[in-house]
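All remarks here apply to the structure that follows.
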Amino acid sequence: MKELMRRLMSRPAIALEMLVGSLFVNVMAMASPLFVMQVLNRYVGQGVDATLFTLTSGVLVAIIFEFAFRQSRMSLARGISVGPDEATALHGFEALTRAKVQALDQTPPETRKEIINGTTAIETAYNASNITTILDAPFSLLFIFVLYILEPMLAYVVTFFVVGVFLVGVISALRLQDKTQELQGASGVGSALLGTVTREGDTVRSFNAGEFLRKGWREHIVQTQKMRRDVSGSQGFVQTVTQSANGLMSVAVVAVGATLVVLGEMDVGAMIGGNILAARALQPITKLAQLGSAFAKARQSLELFKKLSTVELEADSGSALRAYSGRLEFRDAAFAYPGSTVPMFESLDLNLKPGSVLVVTGDNGTGKSTMARLLLGLLDPVRGQVLIDGLDMKQISPEWWRRQVIFLPQEPALLNATIEENLRINNPEMDGARLNQVVDQCGLRKFLDESPDGFETMVTDNGWRLSEGIRRRIALGRALSTDGMIAIIDEPTESLDADGCRAVHQILGSMAAQGKTIIVMSHDRNIVKGPHLLLDLNIKPVPNIEQAGIQPAPETGKPQAVEHPTSTPISVPAAVPVAVSKQSPKPANPTPESANPIAEIADFIPDIPPVVPPAIHDVSDELGVEGIQSRFSVQKKKPAKKRKPRNGNGKKATTPKRVAKK
């Protein structure tokens, strides 16, 4: 009832009108029993037709007014509920989209889904019909008061039944509260099982997991059906009690009234009218008692929403730099997940100047992806600072910062929208020319040309129905749309074919030539051949930081690029303007199949002096674009001219190219 009072107090004028309307509705409802009493006592005894006409006209007018007041009150009740229902749903979804990931991760995904679905239970409980039922309940006392004036003994009988039915409803609602909570938790388990079956069909069949899931589903169904039977049984008990109470009360009222008629203390008309008044008094209490289950579900949903509202939200405002240079600094930073006994890292001091390249390496579970989330501002360090051009990331607007980052996660998810909407999501103002450039850069052109709807192709199931390579290409295009000065790439060539990896190599080379800061997360510490900084998360708790890819020349003592001893260079096709290497030794007689152009990222980094301060490691950017391009470029051979296929008329066939509208 607290929620109902909150809703009524939020609109006091409407609440007052509803109370006045309820008073008039219940006063008009007395017209029918009074009409019966007057007809039996006056018309039946005297037989005057004018009396019957007058009484009938009066009761018809009263019934019309009662109908009008009920409709007006119902409309007002809908106005009371619409605003709070919309606010609850919007606030819950906003909390899910704006809550800090670190805090939101403490709530299982199934529970989050049940929280949003709980809006339906709240809307059902506090709909207009139920609100008017609650407002009618106190007016039962009005009918009991009229009965008391008519005959006190009848009022006592009706009061006994009204109180009894009300207590049954309250006790049932309290019992249903715990059962509803258990049923809601079980529904989350069922949602998880259904999600696995519907989205991971290949896995279920490929690994014969059907029996395992069917066993879990059987246990879930048995458990939930038992809970539903308990809830349904409680509801059925209340319904049976209320129906029986109506019948018993009618019998009791007639029996007592007949006795009083025989004793001469009451006439027949008063007895029948009293029976109608008794039914009117019990009717709203009966309806209220049957609403226990609906209010129990709503109460549980409101408690979940209340917990969600306490989750810390990301800032919707903050500082924004006029131009971000690409500088990034960790200052005594540390991070550990809640409840973890070992930190991911601590006492991390690292200063990346614009144009620097950092490789974050480590085994599975050492925190590479966590580092990417930390850099993006999705997680906060437990100690220390992350500085953006000297400004603490906590002071920066999250929305602005994420538009400065070219971010490709290891397992990217897409939105259930068109491909174009996915590509534009972080840069809605991107024009058509830039959109087509992004499509060509990430190698999506062929896929779009082969898709019937092109850019309007819908992505479903957050992209999990697409091949992983295509999904990563779309995610790469989404990342490139920001054209930021820092790139955070988690496992850059994972799940990509040779063409996709060539595109990644070219993109990274282009970024290096433009002086962008590049951070690559990879389990392969030798993924970059050129001079770069290496952050090894295998070393705990303070990660190891070293410069890789350079060593002093034997004669001059100046730094020079070196090959990693575990990597052996392989031949690179002329179409790929990068030098790459492969970790496994080169076979004696390599074949075209053994030459893999995607094993390593290119040597696209400029020469970097190996000067490292003792506390904070720096990567300088002394070489200009010419030095970058000279290290990145390789000699290209002129490709052989291919003959275009001809159509049936002997003319050259053309391949349509799908472009985005400007």
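These numbers were taken from a predicted model, which means no experiment stands behind them.
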TODO: Return the orientation label for the F335 and Y337 ring planes: parallel under 30°, perpendicular over 60°, tilted otherwise.
DONE: perpendicular

TODO: Apply side-chain contact (heavy atoms from CB on, under 4.5 Å) to Q283 and list each qualifying residue two or more places apart in sequence or on a separate chain.
DONE: R280, K287

Task: Residue pair A278 / V253: nearest heavy atoms and the distance that separates them - done: CB-CG2, 4.0 Å

Open item on the list: What I want to find out is whether K100 reaches E314 closely enough, with some N-O distance under 4.0 Å, to be called a salt bridge.
Closed with: no

- [ ] Please determine if E17 and R11 form a salt bridge, counting it only when a charged side-chain N lies under 4.0 Å from a carboxylate O.
- [x] no

Open item on the list: Please report the interatomic distance CG(L147) to CD1(I276), rounded to the nearest 0.5 Å.
Closed with: 11.0 Å

Task: Salt bridge flag under 4.0 Å for residues E211 and R218 - done: yes

TODO: In plain terms, say whether E66 and R70 are close enough for a salt bridge, that is, a side-chain N and a carboxylate O under 4.0 Å apart.
DONE: yes

- [ ] Report the C-alpha separation of N416 and D461 in whole Å, then their side-chain angles, then the decisive distance to 0.1 Å, and conclude whether the side chain to side chain donor-acceptor pair (under 3.5 Å) test is met.
- [x] CA-CA 7 Å; N416 292 328; D461 288 343; 5.9 Å; no

Open item on the list: Looking at every heavy atom in both N130 and T124, which two are closest together, and how far apart are they?
Closed with: ND2-O, 3.0 Å

- [ ] Output yes when R403 and E399 qualify as a salt bridge under the 4.0 Å nitrogen-oxygen rule, no when they do not.
- [x] yes

TODO: Taking only Lys NZ, Arg NE, NH1 and NH2, and the carboxylate oxygens of Asp or Glu, determine whether D380 and R373 approach each other closer than 4.0 Å.
DONE: no

TODO: Could you tell me whether R424 and E420 make a salt bridge, using a distance below 4.0 angstrom between a side-chain N and a carboxylate O?
DONE: yes

Task: Distance, nearest 0.5 Å, that separates CD1 of I131 from OG of S81 - done: 3.0 Å

Task: Separation of I122 CD1 from F295 CZ (nearest 0.5 Å) - done: 12.0 Å

